[in-house]
Student: 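Let me begin by handing over the structure; questions about it come next.
Remember, it's 1-based here, ligands and their atoms both numbered in the order they're listed.
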Amino acid sequence: MIVPKPVKHEPRPGSFVLDGRTSLTADPALGEVAAWLRAELAPVAGGELLPGEGSGTITLALDGGLPPEGYRLTAGPERTEIVAGDPAGAFYGAQTFRQLLPAAAFRRAAGGPFTVPGVYVEDAPRFGWRGCILDVARHFLTKREVLRFVDLMALHKLNVLHLHLTDDQGWRVEIRRHPRLTEVGAWRKESQAGWNGPMDGRPHGGYYTQDDLREIVAYAARRHITVVPEIDLPGHTQAAIAAYPELGNLGTPLEVRTGWGVGEHVLNVADSTLTFFQGVLEEVLELFPSPYVSVGGDECRKDQWRASPAAQRRIAELGLRDEEELQSWFIRQFGAYLAARGRRLVGWDEILEGGLAPGAVVASWRGEYGAVAAARRGHDVINCSNTSLYLDYRQGTGEEEPVPFGTVLTLEDVYAFEPIPAGLRGDPAAGHVLGAQCGVWTELIDSSRGVDYMAFPRLSAFAETVWSPPERDLEGFRTRLAEHLHRLDAIGVEYRRADGPLPWQTRPGVPGRPEEPERWQAKIDAWTSNVRSL
Ligand code: TNX
């Protein structure tokens, strides 16, 4: 019972035994995958899985005829063979092998021998972009917690970690040339309890050094996960402005934001501000080899630009129509900067509102209109639809859901998600849908334990929507999931039970912001009216 469900999974006669005498032999090109699998299995098997012929042998081999990230796995007496088109495919075959073992094999303690039933699996992903957004800006997650999350993504065959590194409430990436970004911007004096609740009076913060980020990137790369950094511009920048007031429109000191919601403080559009953030990106590009780099572009309130003589002068000089076009111009500067360095800009769907940067990839979050509009105009898109994939939204109607936020988004709702938006089905532009991303936004999630509760098992359902063939089978998924939850238990993931939170997973008295579906739809309609009129 494998999650996400493979393309083909058939029983074969006999079984394979993993124990202290099992050996592992790999094509030299798959040496890294072999090293990873050895490290995962050694404490379980109670042996080193050295190369050569043991009492049973696992082999990793290449076959260039297989699709990207695809693999075939055959397990039987004395032999398990994983054949892959590339190292990523071998890695996914190895992940599947781990899931063929009993759930107890996910404990890092020798409990073997373990038996794998004879099996033939043939598999390859439906989409090349299988992502998750992790917001480490609103609430910081330690490096160790991020690495654990990377392992959980890899278990689910996800391959993009979109790391939301900066926001009004915190700047989390060390930038050597602008040290105050973390000295000042990584800390806030307190946080709002829940949505519009009282201030908690407790300082919060943290950041990743450049060495930490190199480590996260390398750790993820070894698990075939690309880390896409997000430096959110020109809105969501209060932490940066608190560190360097000259980046803002008021020139007066500000604090790192302590409350939630969309802030009014945004960057000014001076040349010096563009230069400042190009400098930031220069260091970010050194840390993150990802071909894609996000500059956010979402929820930029225009009040300060409307009131700013300098912003208005910029609009006039450039012959722009309004502040929307000013935002597009701003984002385009970074599109050009990134393109000149061989990278592609990713931005939220707001970047559609005043004209798209050439080559930009649109991450569509306000429903799917943005994805449809951008794909029709020839841009690649990532479906991040909030109404299907925002894992910070409440998982049930119950009052006891911890800090209930957004509309109800159940496990079943996520499982029903289809990455190709309805508006693109049957349209050749659907080819521009690179894949999809679920989102773990953390205004109301203040710990790694809280991330476990909100992300799992909905992330397991999401993984099937981007990896597995398009047909849905809810009953089959429930059966697979029942077994998968034993794996998550063995790993120590504090997922949400089907019947709701355990008592210590509730947060009584912390105010949430539940939304009713009708109000929500009205909001999405309003959000997307700009996009639809394009
Ligand atoms: C909208 S997604 C945001 C985030 C919030 C999230 C909460 C996006 C581009 N902007 O800043 O964290 O909603 O659900």
Student: Under 3.5 Å, is there a donor-acceptor pair between the Tyr393 and Asn386 side chains?
Tutor: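 On atom types as modelled, these side chains qualify, holding a pair under 3.5 Å.
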
Student: Can a salt bridge be assigned to the pair Glu464 and Lys5 using a cut-off of 4.0 Å between side-chain N and carboxylate O?
Tutor: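 Answer for the salt bridge query: no.
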
Student: Measure the acute angle between the ring planes of Trp348 and Trp441, then classify it against the limits of 30° and 60° as parallel, tilted or perpendicular.
Tutor: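 Taking Trp441 first and then Trp348, their aromatic rings sit tilted (interplane angle of 30° to 60°).
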
Student: For the residue pair Phe277 and Trp171, categorise the inter-ring angle as parallel (less than 30°), tilted (30 to 60°) or perpendicular (more than 60°).
Tutor: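 Taking Trp171 first and then Phe277, their aromatic rings sit tilted (interplane angle of 30° to 60°).
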
Student: Do the side-chain N and O atoms of Asn249 and Gln304 include a donor-acceptor pair separated by under 3.5 angstrom?
Tutor: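 Looking only at side-chain atoms, Gln304 and Asn249 do form a donor-acceptor pair, the distance falling under 3.5 Å.
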
Student: Answer yes when Arg301 and Asp303 have at least one side-chain N-carboxylate O distance shorter than 4.0 Å, and no when they do not.
Tutor: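 Between Asp303 and Arg301 there is a salt bridge, with a charged N closer than 4.0 Å to a carboxylate O.
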
Student: With hydrogens left out, which residues have an atom under 4.0 Å from ligand 1, given that only heavy atoms count?
Tutor: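 Those residues closer than 4.0 Å to ligand 1 by some heavy atom are Arg138, His236, Asp298, Glu299, Trp348, Trp365, Tyr390, Asp392, Tyr393, Phe405, Trp441, Glu443.
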
